[in-house]
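The structure under discussion appears below in the form of C-alpha cells.
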Amino acid sequence: MTTILCIGENNVEQITSEYDVVTVSATGTDFTFDIEYAAIIINVAKQSLFIQWLEKVRSNDVNFASLVFTNNSHFSELAMVDGLLPNRIDIDINRFLSRKKELNLNTNDNLENKLLSYLWMCESRTLRPSKIINNGVSYQYPFLELWDDGQGKEYWLNRMVKSGNLVQEQLIDRIRQCKSCSSSLLNYVDCCGDCGSIDLKLEQALHCFACGHVGEQKSFIRSGEMVCPNCINTLRHIGTDYDRPIENKRCNGCNNLFIDAKVSAQCFTCSHNNEVDDLIQKEYFSFAIGHNGIIKIKTGSEPQQLAMAVGESVPNEHFSWMVQWLNKMALRQSDNHLFLGLRYSNLELLTETMSTVSLTSRIEAFSERLKSVLRTTDIICQPNSDSLYFLLPNVTEQGMEVVQTKLSDIASEQEDNPLEIKVTFKLLPDTTLNSDIEQWFTERNQELVS
C-alpha cells in the first residue's frame, strides 16, 4: 500500500489523501525506514534537525527518490527538497507512481543510475548546487556528496553531460578561487603597477602646455591665480594654456602617476597574492535529466548513437565496420593502418575500493591526455566500461613505434594515477581478419586480458 510519512507533529490533520498516512516523532532518532514511502513530509522548525532528517531520507537506499515536502518556507528551497507541502498531495503522488512504473533501472547499481532515477521520479527536479561557506566560499551538490565522497565531481558531471544523460539547465554562479588553496575568500585591492604598493591616492593634476610640466593642482595656485611652478607662465584658459591629464592616481610609494590601478586578489585563507588572470574560474550549473538519460531510464541500457563530432567515440557496430573496411583498403592499396586496444586491467578492483566520482575523474583525465596525442582523424570506440579501441589510419610500422613511445610518456606522467593499463597493437592489413570480425576482436581482447 502506498504510504505517506509525516515526520513531526500536526501534519495528519492537514492532509486529505486516499493513501495511508503515518506519523513519527521528529526526535525519534532511532527510526528506521523499513518500507518505501511515496511522500515524506518533514515538519521541523530547527534547521539542524531538518537537515538531519533530510539526509537520512536521501541517503536511504529505498526512499532516496521519495517526494520530500515541508511546511517551512525557509527550507522549501533547499537543494534536496521538492518544495512546500501542496494542497492536493495525491496529484503529486499519482505522478510519482506513474513515473515509477516507467523506471527500468536498478537504482542501486551505481551512482549514475541512482541520480537519473532521482531526477526522473519528479518532473520538476534538478540537481542543484548549494553554497558552502566553511572552507572558503564554494559550491557542492548535496545529493552527490551524500552518495560519494570522492573528489572530481566536475569531471563526473561533465561526463554525464557529454553522454547526454544530463543537460545543463541554469548557470547558478561563477566564482573565482585562489590559485594556491582554491579558497574563494579573496580581497580585490588596487595597487601600483610599478612597485605593487597599495598606498594610492586620488590627485587633481594640471598639465602646462608651455613647458609640459604635470603636477598637483594646488601647486599651481599662486596669489589667487593659476601659475605653472616650473615655467612661471600664467594659465588662464583650459584647452589653450593647460588641461587636466587623465592620470589621476598617484602611488605614495614610488610617486608613479597612472589612470587605472592594477588589481590584485589577496587570499584571506592562505595569504597568497594572486594575479587576477591567474585565479581559477569555476561555473556551477543546475542539471536536468537529458534525452539519453530518459532513454536509459525506460530501456535500462545506454542508447547507441553516432559520433556527433570528430574525435568522439563511435558505436561498436560502426567501429567494426571501419576496421573491416580499412583492412580491405590496406590489402588493395598496400597501405598500413593501426588498431590499438587499451584496457584498464584493475578497474574492477578500483571500483570496489575508490569512489565512483574519483575513479571516473581519473579515467577521464587519462582519456583526455590520451586523446590529446591522437590525431583528429583517429577513430575511438569504447566497447565496454574497462576498454578503449583506437583505429589510426595511415600508420606504418615506424609510426607504430612513435605511438608506443607516446603511450609510455603518458604512463610516466600518470604516476599518481592508480589505473593499470594493458595495451595491444595490431598493424593492418591482417590476413587473419576475414568476415568473422567478432572472432578477431575476441583475440584482441584475449591479448588485453592475458
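- Residues Ile437 and Leu433 come closest through the heavy atom pair CD1-CD1, 3.4 Å.
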>> If you apply the rule side-chain contact (heavy atoms from CB on, under 4.5 Å), what do you find for Ile421 with Tyr344, and how did you get there?
In response: CA-CA 5 Å; Ile421 311 296; Tyr344 304 114; 3.1 Å; yes

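- Around atom CZ of Arg95, no more than 12 heavy atoms belonging to other residues, nucleotides or ligands sit under 6.0 Å away.
- The environment of NZ in Lys249 is crowded: more than 12 heavy-atom neighbours from other residues, nucleotides or ligands sit within 6.0 Å.
- Pairing each heavy atom of Arg343 with each of Leu448, the nearest pair is NH1-O, 3.7 Å.
- Proximity of a side-chain donor or acceptor of Asn43 to a complementary backbone N or O of Gly8 within less than 3.5 Å is not detected.
- In this structure, Ser98 contributes its side chain and Asn94 its backbone to no donor-acceptor pair below 3.5 Å.
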> Checking side-chain contact (heavy atoms from CB on, under 4.5 Å) for the pair Phe441/Phe319: CA distance, chi angles, key distance, verdict?
Replying inline: CA-CA 11 Å; Phe441 277 118; Phe319 188 82; 3.9 Å; yes

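- Minimum interatomic distance between Ile198 and Cys191 (heavy atoms only, all atoms of both residues): CG2-CB, 3.9 Å.
- Two residues are said to be in side-chain contact when any heavy atoms from C-beta on lie closer than 4.5 Å; Ile172 and Arg128 fail this criterion.
- Counting only heavy atoms from C-beta outward, the side chains of Ser17 and Ile4 approach each other to under 4.5 Å.
- A cation-pi arrangement, defined by a distance under 6.0 Å to the six-membered ring centre and an angle within 45 degrees of its axis, is absent between Arg58 and Phe143.
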> Yes or no on side-chain hydrogen bond (donor to acceptor under 3.5 Å, both in side chains) for Thr432 and Asp430, after CA distance, side-chain angles and deciding distance?
Replying inline: CA-CA 5 Å; Thr432 66; Asp430 181 3; 2.8 Å; yes

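- Counting heavy-atom neighbours within 6.0 Å of Gln47 CD, excluding the residue itself, gives a total of 12 or less.
- Between Trp440 and Asp436 there is no side-chain heavy-atom pair separated by less than 4.5 Å.
- Considering CD1 of Ile41 and OG1 of Thr70, their distance stands at 9.5 Å, rounded to 0.5 Å.
- A salt bridge does not link Glu102 with Arg99: every distance from a Lys NZ or Arg NE/NH1/NH2 to an Asp or Glu carboxylate oxygen is 4.0 Å or more.
- For the pair Glu36/Lys100, a side-chain contact is recorded, criterion being any heavy-atom separation below 4.5 Å from C-beta on.
- No hydrogens or angles considered: nothing links the side chains of Ser117 and Thr107 as a donor-acceptor pair under 3.5 Å.
- A distance of 6.5 Å separates CD in Glu275 from OG in Ser264, rounded to the nearest 0.5 Å.
- Here the shortest heavy-atom pairing between Phe96 and Ala65 reads CE1-O, 3.2 Å.
- One distance of note links NZ of Lys422 with CG of Leu342; it measures 12.0 Å at 0.5 Å rounding.
- In this pair, His318 and Trp321 present their aromatic rings tilted. The plane angle is within the 30 to 60° band.
- Residues Thr396 and Asn336 bring no donor and acceptor atom of their side chains to less than 3.5 Å of each other.
- Note that CG of Asn71 is 5.0 Å distant from CG of Leu85, once rounded to the nearest 0.5 Å.
- Within 6.0 Å of the CD atom in Glu77, the count of heavy atoms belonging to other residues, nucleotides or ligands does not exceed 12.
- Using a 4.5 Å heavy-atom threshold, the side chains of Lys296 and Asn292 count as separate.
- Asn60 contributes no side-chain N or O that, together with a main-chain N or O of Lys56, makes up a donor-acceptor pair within less than 3.5 Å.
- Looking only at distances, a side-chain donor or acceptor of His337 sits under 3.5 Å from a matching main-chain atom of Asn394.
- Residues Trp156 and Leu115 have side chains in contact (heavy-atom distance under 4.5 Å, counting atoms from C-beta outward).
- Taking the six-membered ring where tryptophan is involved, the planes of Phe287 and Tyr141 are tilted, since the angle between them lies from 30° to 60°.
- No more than 12 heavy atoms of other residues, nucleotides or ligands shown are found within 6.0 angstrom of CD on Glu397.
- For the pair Ser345 (side chain) and Glu420 (backbone), a donor-acceptor distance under 3.5 Å is present.
- Looking only at side-chain heavy atoms (C-beta outward), Val161 and Phe285 stay at 4.5 Å or farther from each other.
- Relative orientation of the Trp53 and Phe33 rings is perpendicular, given thresholds of 30° and 60° on the angle between their planes.
- Of all non-hydrogen atoms in Ala38 and Ile93, the two that sit nearest each other are CB-CG2, 3.9 Å.
- Asn63 places no side-chain N or O within 3.5 Å of a backbone atom of Ser66 that could act as its donor or acceptor partner.
- At a threshold of 4.5 Å between non-hydrogen side-chain atoms, the residues Val57 and Leu5 do not count as touching.
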> Could you walk me through whether Tyr284 and Ser138 pass the side-chain contact (heavy atoms from CB on, under 4.5 Å) check?
Replying inline: CA-CA 10 Å; Tyr284 291 89; Ser138 184; 3.6 Å; yes

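- Judged purely by distance below 3.5 Å, without hydrogens or angles, the side chains of Asp199 and Ser197 never pair a donor atom with an acceptor atom.
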> What do the steps show when you test Met329 against Asp335 for side-chain contact (heavy atoms from CB on, under 4.5 Å), and what is the final call?
Replying inline: CA-CA 7 Å; Met329 290 294 290; Asp335 291 332; 5.9 Å; no

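- Looking at every heavy atom in both residues, Leu54 comes nearest to Val81 through CD2-CG2, 3.8 Å.
- Distance check: Gln177 CD to Gln281 CD gives 10.5 Å after rounding to the nearest 0.5 Å.
- In this structure, NZ on Lys46 lies 14.0 Å from CG on Asn72, to the nearest 0.5 angstrom.
- Using a 4.0 Å cut-off between a side-chain N of Lys or Arg and a carboxylate O of Asp or Glu, Lys153 and Glu145 qualify as a salt bridge.
- In Glu123, the CD atom is not crowded: 12 or fewer heavy atoms of neighbouring residues, nucleotides or ligands sit closer than 6.0 Å.
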> Do Thr126 and Ser286 pass the side-chain hydrogen bond (donor to acceptor under 3.5 Å, both in side chains) test, and can you show the C-alpha distance, the side-chain angles, and the key distance before you say yes or no?
Replying inline: CA-CA 6 Å; Thr126 57; Ser286 61; 4.9 Å; no

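- Looking only at distances, a side-chain donor or acceptor of Arg125 sits under 3.5 Å from a matching main-chain atom of Tyr118.
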